[in-house]
Chemist: 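After the structure tokens below, expect a handful of questions from me.
Heavy-atom basis, side chains included; hydrogens, waters and symmetry copies ignored. Lettering of chains follows the sequences in order, A, B, ..., and the numbering in each one begins at 1.
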Amino acid sequence: MTWKRSHHCSELTTENTGEEVILNGWVATRRDLGGVIFIDLRDRYGITQIVFYETDKNLHKKAEQLRTEYVIGIKGVVEKRGEENINDELTTGGIEVRVTDLEIYSEAETTPFEIKEGIPTNEETRLKYRYLDLRRPDIQENMVVRSDFYQSTRAYFHNNEFLEVETPVLMKSTPEGARDYLVPSRVSPGKFFALPQSPQTYKQLLMVSGFDRYFQIVKCFRDEDLRADRQPEFTQIDVEMSFVDEDDIMEMTEGLMQKLLKDTVDEEVTAPFNRMTYKEAMETYGTDKPDTRFGLEFADFSELVKDSEFNIFSSTVEKGGAVLGITVPGQGDMGRGVIDRLTERVQNETGAAGLIYIKLNEDDGVKCSVEKFLKDETVDAMVDEADADMGDLVLILAGASPDVYKQLGQLRLMMGEEYNLIDEDAYEFLWVTDFPLVEYSKEEHRYHALHHPFTAPHPEDLEELDDNPEEVRSRGYDLVLNGYEIGGGSIRIHDRELQTQMFELLGIDKEEAQKRFGFLLEAFRYGAPPHGGIAFGVDRIVMILTGGTSLRDVIAFPKNQKAQSLMDNSPDYVDKEQLDDLHINLKEYAKEEQQEQE
RNA sequence: GGUCCGGUAGUUCAGCUGGUUAGAACGCCUGCCUGUCACGCAGGAGGUCGCGAGUUCGAAUCUCGUCCGGAUCGCCA
């Protein structure tokens, strides 16, 4: 029989002294001193210490059976602890509950790992026993933040007259972008649904329908390889608005972010957020999602060294590459061994050919690793350009553009982490704007939409659309927080002609466009409002808010790197009858794999 | 698909220049203990050193292959 609790395990204080209470929870730890047994009783709210005394004979005997993770209910009396026994670590540390009755609801085998905060158990074991991992207080706290995050989001949009509309999970496969997860149709042999990579077309259609302001907290799916910050199924806050421009979307976003941070982690952030063009971001930080919690901005030495004797510099610049550097403060006396290891790491992790440096320290003065190839005044000019002072270290990469920018961007992040230049408590938001509309794919010999094919080109660049498509800027924008891309969107094309032109540019001919997106083009015939929107990565934002570095710590049941769920062993083989229903035959090698398993 | 790191007790790891019976901490079990809160003390159980070949008198240790996990590049409109 279950006793209904009167309080949870983080609730009782000295104010409750003398009250008869009922608690339910898990045995977190047991401290058996012989004549007295202390149990830390845990639920998702916290811990309360309960006590059994030898003088309560039968009860004490029963309590001796208790083991870690047993689920119990107790009746008892709240007692104030003696001055010397108060535990300041617990909210309930001023009291304990003297047990008068004990019910063991459920015994527990020894768990494969301890249910404690911050244990370094490997991912595989944690994922296999995910329900136990989720019992750990730090993960539970993450889920609380996540739940607060949902509530805050809904309140914000509801208060601002947005409508929450659900869009289909079974939809049409789109040719552009990430690989789709496919769902075979039983009633239409040979045909497939796709799971949405995002509800992009639906939300645009909702604008055509006149819904004006839409949002949705929605699952999206992308069948691509995983990373620490990338899961195959993830959650977005999807937003679309009519009769707006970039500034409206940004303002709405900034209000949302302010509210979210206030409601979840009680942080104030100032708006408007900084803005930076894509070009500026790439040239200053070597990435389109710069972590602006620290400096180490790039210095460009290309002009200074283009005529130097040092062949690596001069030939790099001649071939259109760049010679770039960052100044690491206070590392001017870095030892040879450290630099050698760093060089190796840079080569391995970024693919840079080599690492050149200038050390500035009191003992050696200004010392450049390639000084015999460079004039003193060139080195001095570089130091000047890099804004380096005595005691600093200038790290230099030379290489083809844009690769060298990305490489130095990675090196910059390494240095920021290595030398603790990052303010871990800061929340640095940044808008990145003016993305290129398209980029050329050498493999496919065609242009790709950098954002997606519905993104509007910048009106000033329209005339370049035919001749110089790569020069055309888009009306897209990304929101970056602490070096993570947490959102992205654009002002859309709402003109049928322009949309058709865009498809042509992307190598999607009329027939193909009709087949894939005919419904959208058709919708645009009947009065489409100017509109734009944005989508935010819920998992990533919650990860940042909880101070984590892996999405798995903020998703209740995440997938591993192979997109498998180790707990329930999915994906898994299915019966032949199921496949027959779906009109599917397996390829030979897939059949062999299946037979090997069985 | 490429690169890198890892796989030894339930967990986290040490051992790896080949050599006695593979260790530590935590956890687990038993006993003692009335003020613990990382309880303490005494004792104990627990190992396919991922798997398979090879080298060797001898392999956790060296070589090759393979499987598994993670990070990362490609990929992710």
Chemist: Going by atom types alone, do A/Asn122 and A/Thr125 pair a side-chain donor with an acceptor below 3.5 Å?
Modeler: yes
Chemist: Side-chain N or O of A/Asn122 less than 4.0 angstrom from OP1 or OP2 on B/rG69?
Modeler: no
Chemist: Write down the partner of B/rG46 under the Watson-Crick or G-U wobble criteria, each distance required to be under 3.5 Å.
Modeler: none
Chemist: Mind checking the C1' distance from B/rG27 to B/rC4? Whole angstroms is fine.
Modeler: 33 Å
Chemist: Can you tell if the side chain of A/Glu485 reaches within under 4.5 Å of the side chain of A/Asp229, non-hydrogen atoms only?
Modeler: no
Chemist: For a quick check of understanding: with a heavy-atom distance under 4.0 Å over all strands, which category does A/Thr55 fall into, base, sugar-phosphate or nothing?
Modeler: base
Chemist: Using whole Å, report how far CG of A/Asp180 lies from P of B/rC76.
Modeler: 12 Å
Chemist: Just call it for A/Pro112: base, sugar-phosphate, or nothing, with non-hydrogen atoms closer than 4.0 Å on any strand.
Modeler: sugar-phosphate
Chemist: Within the 4.0 Å heavy-atom criterion, would you say A/Arg81 contacts the bases, only the backbone, or no part of the nucleic acid?
Modeler: base
Chemist: For A/Glu54 and A/Thr125, take the nucleotide of RNA chain B holding the closest heavy atom to each; which residue's nucleotide lies nearer the 5' end?
Modeler: A/Thr125
Chemist: Can you find a side chain N or O atom of A/Arg230 that sits less than 4.0 Å from OP1 or OP2 on B/rG74?
Modeler: no
Chemist: Need one value for A/Asp32: base, sugar-phosphate or nothing, where a base atom within 4.0 Å counts as base even if backbone is also close, heavy atoms only.
Modeler: base
Chemist: I'd like to know if A/Arg136 and A/Glu141 make a salt bridge, using a cut-off of under 4.0 Å between side-chain N and carboxylate O.
Modeler: no
Chemist: Contact class for A/Leu450 (heavy atom, under 4.0 Å): base, sugar-phosphate, or nothing?
Modeler: sugar-phosphate
Chemist: Heavy atoms only, 4.0 Å cut-off, all strands: where does A/Thr455 land among base, sugar-phosphate and nothing?
Modeler: nothing
Chemist: How would you label the contact of A/Glu96 with the nucleic acid (heavy atoms, under 4.0 Å): base, sugar-phosphate, or nothing?
Modeler: base
Chemist: I'd like the C1' distance from B/rG2 over to B/rC62, given in whole Å.
Modeler: 27 Å
Chemist: Closest heavy-atom contact between A/Leu462 and A/Leu498?
Modeler: CD2-CD1, 4.1 Å
Chemist: Atom CZ of A/Phe113 to atom C1' of B/rA9: distance rounded to whole Å?
Modeler: 17 Å
Chemist: Respond yes when some side-chain nitrogen or oxygen of A/Thr68 is under 4.0 Å from OP1 or OP2 of B/rC28, and no when none is.
Modeler: yes
Chemist: Would you kindly say whether A/Thr100 and A/Arg98 are connected by a side-chain donor-acceptor distance under 3.5 Å?
Modeler: no
Chemist: Which part of the nucleic acid does A/Glu124 contact within heavy-atom distance under 4.0 Å: base, sugar-phosphate only, or nothing?
Modeler: sugar-phosphate
